[in-house]
Structures are given as C-alpha cells and as structure tokens.
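Notes follow the structure.
Quick note on labels: first sequence line is chain A, next is B, and so on, each numbered from 1. Heavy atoms only: backbone and side chains are in, while hydrogens, waters and symmetry mates are out.
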Amino acid sequence: MDPRQGVRHLLPARPRHRDRDRPARAAHHLLGERRTPPGRLDRGHGVRGRRDLRLHHPGDDAPPRRRGAHRHPGGGGSDPPGRPGRSRDRTDREPAQPGGGGVMTVRVRFAPSPTGYLHVGGGRTALYNWLFARHHGGVFVLRSDDTDTERNTPEFQADILDSLNWLGMDWDEGIEIGGPHGSYRQSHRFDRYRAVAEAMVAAGAAYYDGATPEQLEALRVAAEAAGESPVYDGRHRLSAAEAAARVAAGDPPPVRLAVPRPGETRFVDVVRGEITFNHDNVDDFVMLRSDGSPTYHLASTVDDVDYGITHVIRGEDILPSTPKHILITDAMGGPRPAYAHLSLLNGPDGKKLSKRHGDTALRAYRDAGILPMAMLNFLAILGWSPGDDEEIVPLATMIERFDLGAVSRNPAVFDVAKLEWMNGHYLRAMAPEVFAEATLPLVEHDLGRPLTPGEHAAIAAVAPLVQERAKRLTDVTPQVRFLLEGDLEYEAASWDKVMATAEARVALEGAAAALAPLASWTVAAIEEALRGMLAAYGLTAGKGLQPIRVAVTGSAVSPPLFESLAALGRARTLDRIAAATVRIGG
RNA sequence: GCCCUCAUCGUCCAGCGGCCCAGGACGCCGGCCUUUCAAGCCGGAAACACGGGUUCGAAUCCCGUUGGGGGCACCA
C-alpha cells in the first residue's frame with residue numbers, strides 16, 4: 001500500500017458535528033474528496049422487478065426506498081408500463097453504468113482469511129462475486145484478509161488460490177497478480193488501518209478506551225440480567241490526556257468506534273431488502289487492538305473503501321456486523337457499497353455445514369473425483385436459479401443471467417447426492433479421449449505404480465464404458481481393477497450368489513470351449529461365440545453370462561462382458577475361467 | 001438472554017394476488033430397455049409450518065405464533 005494515500009486521506013480533523021445518526025460525517029470532508037455527487041450513482045434504480053439492485057446508496061442523503069416499494073406493491077411504487085410482463089424480469093439487467101453519471105464499474109471482492117481450507121460455502125460466495133463481476137463487465141478483486149497472524153498459514157493461503165483456480169475463477173486484481181491498490185494483503189497494510197483509526201479518533205468518530213476485561217464482563221452480565229443487548233457503550237472511554245499517558249507508560253489502549261446512540265443504521269440489502277439496526281444493539285467494538293493491529297471490521301471496511309468496492313457480497317454471518325462497517329465507511333467519507341448477504345450452507349440435518357457432515361473443503365471434492373465444472377454448476381444453482389427449469393447451466397449462461405436480486409434468501413442444504421448426479425452428467429459429457437486422459441493418471445495414483453503398456457491399452461479400451469458408469473473420477477479404478485496384472489480377487493458376495501447356481505459350471509466350461517478356438521479375439525467374435533454357447537446349452541444371457549463375469553472380473557458388477565473380455569485378452573480370460581472352474585469344483 | 005434473518009415436496013429451486021386441487025431437478029418407489037451395473041425412457045408417492053387479518057380472490061400482501069439459521073471477542 002502506498003503510504004501516501006493514507007496521508008492524503010487523513011487530512012486534519014474538523015470538529016465533529018451533531019448529527020447524531022452520523023457523527024462521523026464531518027470526516028467525509030476530511031478523509032478525501034467525495035467521489036460522485038449523491039444521486040448520481042443512484043440512477044441505477046430505473047430497474048424494477050424482484051429486488052432492488054442499488055449500485056450505490058447515496059449514503060446519508062436519501063433514505064433507501066426501492067425495496068419498500070417492491071415489498072408493498074400496493075404502496076404506490078408501481079412498475080412503469082410497457083415493461084414486458086416477464087416474471088423473471090431481472091433486476092440487474094440495467095448495466096453497471098447508471099444512466100446519468102459517469103461510468104461506474106462494478107467492483108466486487110472475495111476476501112477469505114487463510115485460516116483454513118477454502119470450503120464449499122466460501123467457494124459459492126466467491127462464485128457469486130465472480131459471476132456478478134463478469135455479468136457486469138466489472139472487476140473481481142481477490143484480497144487476503146490475513147489480519148489474524150496467529151492462525152494464518154501459507155498452506156491455507158495456497159489452498160485458496162488452488163481451489164479458486166481449480167474452479168476456473170480468475171481475478172482482475174488481487175493477491176498474486178497485484179493491481180493498483182498494492183499487495184491486497186491486509187497484513188501489509190497495518191499502517192493504513194492505524195492511520196484511519198487515529199483520524200477517526202481525531203474526528204470524534206472513535207475513541208481510546210480504558211475498560212478492563214473485568215468491567216466489560218460485568219457490563220455484559222448486567223445487560224443479560226436486565227434483558228438487554230450486551231453492548232458496550234463507551235462509558236470507560238479515555239480522554240486524550242489519559243490515552244497519551246497510557247501510551248507513554250507502554251500500555252496503549254484499544255480504539256473503539258463511537259456508535260452514536262440513540263441512532264440507527266438502515267440499508268437495503270440486495271438479497272434481503274431493507275434492514276434496520278437500532279444502535280442500542282450495536283456494540284462500540286474494538287477497531288484497533290492495543291497492540292496496534294486492526295480487527296476484521298476495520299481492516300475489511302478500510303479496504304473496501306480504499307479499493308473502491310461497489311458491491312459487498314458475502315455470507316449472512318456478517319449481516320449483523322454490517323452497521324459497523326457502514327459506520328466506518330461513513331466516517332471515512334467513502335460512498336457506501338451495496339451489500340448483499342448470502343445465506344449460509346447447511347448440512348443434511350439443517351445445521352451449519354461442518355466436518356461432521358462430511359467433506360467441507362473444496363479440495364476434498366477435487367481429490368474425491370468431482371469435476372470443477374460440476375462443482376461450479378452445483379454451487380451456482382444452490383441458492384440461485386437461472387430462471388428456467390434447467391439445472392445444467394453452461395458457464396456462459398450463468399454469466400449472462402446471474403442476478404443477485406434473484407438469489408435465494410433461504411439457507412441451503414449442501415446435497416452431495418445431487419452433486420454426484422451432476423458430476424456424472426459432466427463426466428458423461430466429456431469426450432472419451434479426455435476422460436481417458438484424466439482417468440489413467442488417477443488409476444496409476446491409486447495403484448501407486450505406473451501402468452504397464454498392456455494394462456494401459458486394456459484400460460483405455462474399456463474407459464468409455466466406465467465413463468458411463470461413473471459418478472466420480474475416483475470410481476474408475478475399482479471398475480478396471482480386473483484388467484491389472486496379477487491375481488484376481490473374487491468379491492465374496494458375488495461369487496456366492498452366482499457360482500452356486502446349477503448353470504455356473506456349464507456356462508464356464510461351455511465358454512472355455514467356445515472361446516479357445518476363436519480365430520480373432522474381437523468383441524464381435526466373442527459375442528458370437530458366447531451367444532452360440534448360450535443357445536447350445538439353453539441358457540439365458542442372465543444365467544449364463546454372470547458366472548463368466550464373476551470368473552473374469554471377480555464381481556457380478558462390471559463393464560459389459562464382451563468388451564471386458566476383449567480388453568483382457570484371450571490368454572488371461574481363459575486362465576481365469578479355468579481357475580474359476582477349478583474353484584467351483586474344489 | 002438480546003439483536004438480525006429465513007419459512008413451498010426428504011433436499012435445491014420455480015411461483016411476484018386469479019393461469020396453482022402448486023411446476024422442475026436430485027433422491028426415493030414402480031415399469032421399460034437390457035449380459036450385470038449404470039445410463040436412458042415412461043410412470044408414481046411427496047410441499048405452500050400454524051393462526052389471524054386485507055381482498056371478490058392469497059402459496060403470493062400485513063400481523064402474530066412456532067420452528068430453523070446467523071450474530072452478540074482486543075476471531076475473521
């Protein structure tokens with residue numbers, strides 16, 4: 001981060017004025033020039049439809065309104081005539097450039113903290129941001145919210161990048177690739193956050209606090225007993241002199257935001273509509289810790305302002321923190337971004353998705369043979385619908401139709417069964433060569449050794465048949481195991497069920513006799529020989545072929561038999577039939 | 001405890017006051033096809049949480065109840 005930017009934004013403070021709702025407003029004029037006149041950016045409202053998409057709120061100058069009109073259709077906010085009655089009239093058909101103002105580029109960000117593997121919920125949040133940016137021709141920023149130096153690891157950082165790349169999402173600015181705003185790592189911007197916090201103190205929007213943990217705890221207990229919200233109201237705030245004394249004594253106090261009370265923060269959430277928070281329930285939270293490091297609220301908000309983020313699309317878990325972010329944004333004099341809070345993902349029991357429900361990390365699905373496009377598609381329609389009844393949605397269609405206003409408000413259950421169905425669909429849609437190419441290395445990996453040329457050829461031969469039968473890439477190895485060199489293992493249940501029949505011995509001996517003299521070892525020849533054998537002995541295909549299948553593949557479930565035998569080769573086929581015959585007898 | 005939020009089949013989504021005794025998808029059940037298993041095709045069971053309003057008319061609007069989810073740190 002360019003340190004000078006901080007200086008430019010942090011001109012001397014002016015006396016705070018008395019607007020109780022927005023005490024920090026004075027800082028508008030201190031912390032940098034106001035970008036666009038209010039109202040200008042608000043032109044994006046020529047939209048109607050399901051939900052409002054506010055490209056920008058005018059901030060303090062005009063109350064949110066559109067959503068209300070929508071929610072109360074009778075309330076006078078009727079749609080303009082001449083609009084097609086299409087129910088799916090998307091709200092953000094309107095381009096990112098509001099009519100009257102200058103060009104406004106949509107800028108969104110995904111800002112994970114590298115404290116764990118990127119999980120599916122994070123992936124979905126990233127995807128919705130990405131789709132929104134691509135839909136509007138905007139900018140997708142990848143930021144690293146790595147202020148928690150204790151818990152961050154390079155491994156997790158790398159995993160986030162890997163997972164995003166795996167899904168095929170690219171970013172226009174951010175970590176790894178840089179951009180006009182510096183390193184995009186919060187850990188590199190502590191000076192900037194501190195400067196903002198100090199400027200806010202100077203402007204009266206924040207203060208140094210002297211409350212001890214014990215005092216805080218006592219307040220919390222008292223509030224709970226009184227049936228009130230456990231919010232700290234700044235009663236132990238320090239005077240400038242006291243704060244200076246603490247600093248001098250080597251015991252610097254933390255900086256808290258001065259939440260104006262009474263007061264309220266109201267905003268229009270793009271997916272949820274109008275939301276109001278009474279400041280009696282908003283804490284004077286710590287922005288800057290006593291060690292000078294920023295908390296999430298400060299760092300994230302400062303970055304959103306500094307990076308010119310226009311739409312903050314994130315998980316619903318941060319919805320209750322939004323008034324804090326708005327208060328800081330206002331104090332900085334930045335235009336408020338539009339907020340969109342996505343509902344969270346749950347496990348099958350309706351509880352927050354966790355390891356307890358199975359895999360949560362994207363990486364785990366990748367390792368378990370899920371195709372990136374399947375995961376992407378699945379995540380996309382988990383909480384959003386492209387508008388028709390299609391479930392398989394090409395990427396281009398997603399981008400074309402993606403609409404934040406049409407995103408579901410319901411928490412969604414992450415349904416692995418549906419993911420697998422979708423994965424099977426994408427697996428089958430692959431070109432056979434591509435499938436084989438993707439699959440063979442995986443088989444080698446499972447085996448822990450390279451395939452011999454013979455095995456390679458045999459597996460490649462049946463790959464298209466396996467392709468139709470796989471739900472995941474990892475389903476392949478078990479299905480082609482019988483083609484590997486070495487002894488065959490019989491699956492016990494299959495053997496017991498099939499080989500106990502009276503037809504088993506007949507079929508095996510008949511097959512050996514029919515196959516041994518074959519002139520050419522082809523699928524067609526094998527089929528002809530075996531069907532002839534069935535007819536000769538009066539066996540149905542079901543009865544007569546299953547023993548051969550078990551003898552040769554070890555299981556009652558396998559790729560189609562004739563092709564399997566062809567791939568296996570005559571010698572090994574006959575060996576296995578002979579071995580099985582002996583085994584029955586013995 | 002306090003605050004926010006959500007509420008249509010088991011699950012995801014459609015539904016934006018009459019087109020809905022509610023539509024699609026996954027899953028489930030049955031059938032067809034068939035050399036097993038898949039795939040595919042056909043068919044079936046399966047939901048507007050509850051109670052009040054508003055309205056000629058409500059799954060759709062309002063209020064309440066109940067239930068679910070989230071948040072309430074010098075974590076993010």
Please tabulate, one pair per line, each protein N/O and nucleotide N/O from nucleotides 39-50 of chain B that are separated by under 3.5 Å, including the distance.
| unit_1 | atom_1 | unit_2 | atom_2 | d |
| --- | --- | --- | --- | --- |
| B:A39 | O3' | A:R428 | NH1 | 3.4 |

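B:A58 and B:G15: their C1' atoms are spaced 13 Å apart (whole Å). Using C1' as the reference atom, B:A46 and B:G24 are 14 Å apart when rounded to the nearest Å. B:A49 and B:G68 have their P atoms separated by 16 Å, with the value rounded to a whole Å. Straight-line distance between the P atoms of B:G67 and B:C26: roughly 35 Å, to the nearest whole Å. Comparing B:A7 with B:C61, their C1' atoms sit 16 Å apart, to the nearest whole Å. A gap of 37 Å separates the P atoms of B:U55 and B:G1, to the nearest Å. Going from the C1' atom of B:A22 to that of B:A14 covers 10 Å, rounded to whole Å. B:C28 and B:G52: their P atoms are spaced 39 Å apart (whole Å).
Classified by interplanar angle (parallel below 30°, tilted 30° to 60°, perpendicular above 60°), the ring pair A:H325/A:H297 is tilted.
For A:T295, whose side chain is taken as the heavy atoms from C-beta onward, the closest listed nucleotide among B:C4, B:G23, B:C74 is B:C74. Out of B:C13, B:G71, B:U35, the shortest distance to the side chain of A:A541 is found at B:U35. Looking at the side chain of A:S290, the nearest of the listed nucleotides B:C74, B:U35, B:C4 is B:C74.
The salt bridge (charged side-chain N to carboxylate O under 4.0 Å, His left out) pairs that include a residue from residues 339-351 of chain A are A:D349-A:R356, where partners are two or more places apart or lie in different chains. The stretch residues 552-564 of chain A participates, sequence neighbours left out, in no salt bridge (charged side-chain N to carboxylate O under 4.0 Å, His left out) pair at all.
For A:T477, the side-chain hydrogen bond (donor to acceptor under 3.5 Å, both in side chains) partners two or more places apart in sequence, or in a different chain, are A:D446. A:Y232 meets the ring pair (Phe, Tyr, Trp, His ring centres under 6.0 Å) test with no other residue; sequence neighbours excluded. Applying the side-chain hydrogen bond (donor to acceptor under 3.5 Å, both in side chains) test to A:T149 and every residue at least two apart in sequence or in another chain returns nothing.
As rounded to whole Å, 14 Å separates atom C1' of B:C74 from atom CZ of A:R194. Atom-to-atom, CZ of A:R472 to P of B:C37 comes out at 22 Å; the value is rounded to the nearest Å. Rounded to whole Å, the distance from CG on A:L342 to P on B:C13 is 12 Å. We find that CG of A:D388 is positioned 18 Å from P of B:G23, with the value rounded to whole Å. Between the P atom of B:G71 and the CZ atom of A:R220 lies a distance of 16 Å, rounded to the nearest Å.
Nearest-nucleotide assignment on RNA chain B puts the 5′-proximal partner with A:N281, out of A:K324 and A:N281. The nearest heavy atom of RNA chain B to A:L288 and to A:K418 marks one nucleotide each, and the one closer to the 5' end goes with A:K418.
Residue A:S343 places no side-chain atom within donor-acceptor reach of the base of B:C6, judged by atom type and a 3.5 Å distance cut-off alone. Side-chain N/O atoms of A:E391 and base N/O atoms of B:G24 include a donor-acceptor pair closer than 3.5 Å. One cannot find a donor-acceptor pair under 3.5 Å joining the base of B:U5 and the side-chain atoms of A:R272.
Taking 4.0 angstrom as the limit, A:R531 places a side-chain polar atom (N or O) nearer than this to OP1 or OP2 of B:U35. Contact check, A:N410 against B:U8: a side-chain N or O comes under 4.0 Å of OP1 or OP2.
Salt bridge present: A:D304 and A:R143 bring a charged side-chain N and a carboxylate O closer than 4.0 Å.
Counting non-hydrogen atoms under 4.0 angstrom, A:H297 reaches a base of the nucleic acid. Note on A:A417: only backbone sugar-phosphate atoms sit closer than 4.0 angstrom, heavy atoms only; bases stay farther off. Contacts of A:T147 with the nucleic acid, taken as non-hydrogen atoms under 4.0 Å apart, involve only primed sugar atoms and P, OP1 or OP2.
Between the side chains of A:S113 and A:T115, at least one donor-acceptor pair of N or O atoms lies under 3.5 Å.
Side-chain atoms of A:H279 do not come within 3.5 Å of backbone N or O of A:V259 as any donor-acceptor pair.
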